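Notes to accompany the following structure.
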Amino acid sequence: MAPTRTSSSMESTLLSVRLKAQIARIGPISVERYMDVCLADTKAGYYPSKQPIGAAGDFITAPEVSQMFGELLGLWAYAVWQSMGSPSPVILAELGPGRGTLMADALRALRRLPGFLDSAKVALVETSPPLRQAQEQALADCGADVSWHEAIETVPGGPAIVIANEFIDALPIRQLVWRDGQWRERCVTIAANGGFAFCEGGSLPVENLRRNAELKQLPNGSILEVRPAANAVVAALAERAKDAPLAALIIDYGHEATECGDTLQAISRHKFANPLEAPGNVDLTAHVDFGALKDAARNNGLLAFGPKPQRALLMDLGLEARLDRLCEDAGPEQCEALVAGAERLVDPAAMGVLFKALAITSKDLPPPPAFQDNA
Ligand code: SAH
């Protein structure tokens, strides 16, 4: 019998054909457009058509490694709420909640604290139908009022606490290539062998680029990544903060300051893959530039604290005490698993240092918990 195609490889093929037809018609497309279509196409895009997270998927995230991650972020949210004067109602929003694990763990911790859940309205910003379904299941018995939104802009106004773990790295990047004294858009075209290949588009106006003078000393071929969609998220947070207190915690992998380099990568089944192969079938991601996020926050009239390594964030929020507490009620095997999970979150060779946390708040709030030294 002839081998049958799996539906996901069929969709990927269709997406490839569609992208190639588009390139044949209009010429090379930007890396940003390529990444956007591969990740977000409503039919064949990676997030709308896959269950990417977990051992059986393509990658593992911190909330899937340990329940303590979400629990500690729940405690963070509680302390921030108190610093706002315990407003009611308060929005607890999460951007890109994946399987809903972080929010389920956070709400379990918050249930034990007085007042918060009576006041909280949970708002999940998620575009992927299969992941929305997973979130509905994870939060079925959470006891909170939960609503889903396509974008942060449609979350109701009022005081808000926003959490985003590994959300920004899933937003498309532009790649700009420095060549002969000019910036050029890095694009995707069709190679002689019929596959996709990178190429460089025409020169770009340079006025709006950060640290332009400094970057002009770069060697030919240097790549600078910018992420307009992340700046739009920060601008939307700033818009909310005009009318009500706001605190956001953004956790992701990336670098502290703007640096040059090509960080676009594809991940499939927990391994690196070629970003130009199997569009829509593999995860595309790129480092988060925390320096650029911080500048965007400040330029929009918000306060920004950090970034600090995930290790320091979780230790400051009481990871060790929480681990001790959980181990008191656990058998030896369960306790070993809890310790292994905690270690993976904070180990500098695992997620402890590459992953960083940035806090963004409205101007009326004090530095949030774990960021008092980063003011
Ligand atoms: N925070 C989760 C999942 C990270 S994966 C965790 O830590 O496990 C990225 C998440 O962002 C997924 O839920 C994906 O569907 C969602 N996502 C990606 N692009 C999005 C967009 N433009 N708007 C809303 N959600 C998006």
Side-chain angles (χ1 to χ4, degrees), residues 3-53 57-59 127-128 130 166 168-180 182-204 218-230 253-254 259-289:
T4 47
R5 260 179 201 284
T6 64
S7 68
S8 63
S9 88
M10 175 59 125
E11 278 158 10
S12 170
T13 307
L14 293 177
L15 193 60
S16 252
V17 170
R18 204 142 40 89
L19 279 166
K20 282 176 190 168
Q22 192 183 28
I23 293 169
R25 195 158 35 85
I26 62 167
I29 56 171
S30 64
V31 164
E32 184 187 30
R33 168 97 186 119
Y34 176 82
M35 197 171 169
D36 188 35
V37 172
C38 290
L39 289 177
D41 182 83
T42 48
K43 263 201 221 122
Y46 180 74
Y47 279 110
S49 65
K50 305 278 173 318
Q51 287 279 8
I53 306 158
D58 293 316
F59 58 90
T127 44
S128 153
E166 289 212 49
I168 302 287
D169 74 79
L171 300 177
I173 49 159
R174 287 178 70 190
Q175 290 191 317
L176 308 174
V177 187
W178 184 246
R179 176 106 34 224
D180 302 330
Q182 288 182 314
W183 287 108
R184 295 174 182 278
E185 188 90 42
R186 196 171 190 221
C187 293
V188 174
T189 190
I190 307 169
N193 68 4
F196 292 107
F198 289 111
C199 67
E200 288 170 24
S203 66
L204 293 164
L218 295 170
N220 259 344
S222 300
I223 291 180
L224 178 71
E225 296 177 338
V226 290
R227 196 174 241 129
Y253 81 107
E259 291 165 20
C260 275
D262 172 11
T263 76
L264 176 66
Q265 61 186 30
I267 308 280
S268 177
R269 305 274 156 205
H270 306 273
K271 293 202 176 83
F272 290 115
N274 181 341
L276 298 182
E277 266 171 29
N281 217 13
V282 297
D283 181 32
L284 292 183
T285 148
H287 276 221
V288 169
D289 178 348

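Being a predicted model, the structure only gives us computed values, none of them experimental.
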Check your understanding: Which is it for Y46 and L284 under the side chain to side chain contact (heavy atoms under 4.5 Å, CB included) test, yes or no, and what are the steps along the way?
Key -> CA-CA 8 Å; Y46 180 74; L284 292 183; over 6 Å; no
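- The shortest heavy-atom contact between I168 and A230 is CG2-CB, 3.9 Å.
- The distance from the SG atom of C199 to the CD1 atom of I23 is 8.0 Å, given to the nearest 0.5 Å.
- The existence of a salt bridge linking E200 and R186 is excluded, since no basic side-chain nitrogen approaches an acidic carboxylate oxygen closer than 4.0 Å.
- With hydrogens and angles ignored, the 3.5 Å screen pairs no side-chain donor or acceptor of T285 with any backbone N or O of A170.
- Under a 4.0 Å N-O distance rule, the pair D58/K271 does not qualify as a salt bridge.
- Across every non-hydrogen atom of M35 and D169, the tightest pair is CE-O, 4.2 Å.
- No side-chain heavy atom of I267 sits less than 4.5 Å from a side-chain heavy atom of V282.
- Of the inter-residue distances, the one linking I53 atom CD1 with S128 atom OG reads 8.5 Å to the nearest 0.5 angstrom.
- Taking each heavy atom of P279 and L19 in turn, the nearest pair found is CB-CD1, 4.1 Å.
- Atom CD of E277 and atom OG of S268 lie 10.5 Å apart (nearest 0.5 Å).
- Between V31 and L264 there is a side-chain heavy-atom pair separated by less than 4.5 Å.
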Exercise for review: Kindly determine whether R18 and D41 satisfy side chain to side chain contact (heavy atoms under 4.5 Å, CB included), including the steps that lead there.
Suggested key: CA-CA 11 Å; R18 204 142 40 89; D41 182 83; 3.2 Å; yes
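- Inter-residue side-chain proximity for L276 and F198 is flagged as met; some heavy-atom pair is nearer than 4.5 Å.
- Side chain of Y34 to backbone of P275: a donor-acceptor contact under 3.5 angstrom is found.
- A salt bridge links E185 with R174; the closest basic N to acidic carboxylate O contact falls under 4.0 Å.
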Practice item. Apply side chain to side chain contact (heavy atoms under 4.5 Å, CB included) to R227 and D289, showing your working. Key: CA-CA 9 Å; R227 196 174 241 129; D289 178 348; over 6 Å; no
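- The closest side-chain heavy-atom distance from F196 to K20 is below 4.5 Å.
- Within the 4.5 Å cutoff, the side chain of L224 has no heavy atoms near those of the W178 side chain.
- Using a 4.5 Å heavy-atom threshold, the side chains of F59 and P52 count as touching.
- Judged by distance alone, with hydrogens and angles left aside, the side-chain atoms of Q175 form no donor-acceptor pair with the main-chain N or O of I223 at under 3.5 Å.
- Aromatic ring centres of Y253 and H287: separated by under 6.0 Å.
- Closest of all the heavy-atom pairs between C38 and L15 is CA-CD2, 4.2 Å.
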**Study point:** L218 and C260: CA distance, side-chain angles, deciding distance, side chain to side chain contact (heavy atoms under 4.5 Å, CB included) verdict
**Key:** CA-CA 9 Å; L218 295 170; C260 275; 3.5 Å; yes
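- Using a cut-off of 4.0 Å between Lys/Arg side-chain N and Asp/Glu carboxylate O, D283 and K50 are scored as not salt-bridged.
- Looking at every heavy atom in both residues, K43 comes nearest to S49 through O-CB, 3.7 Å.
- For the atom pair S30 OG and I173 CD1, the distance stands at 10.5 Å (nearest 0.5 Å).
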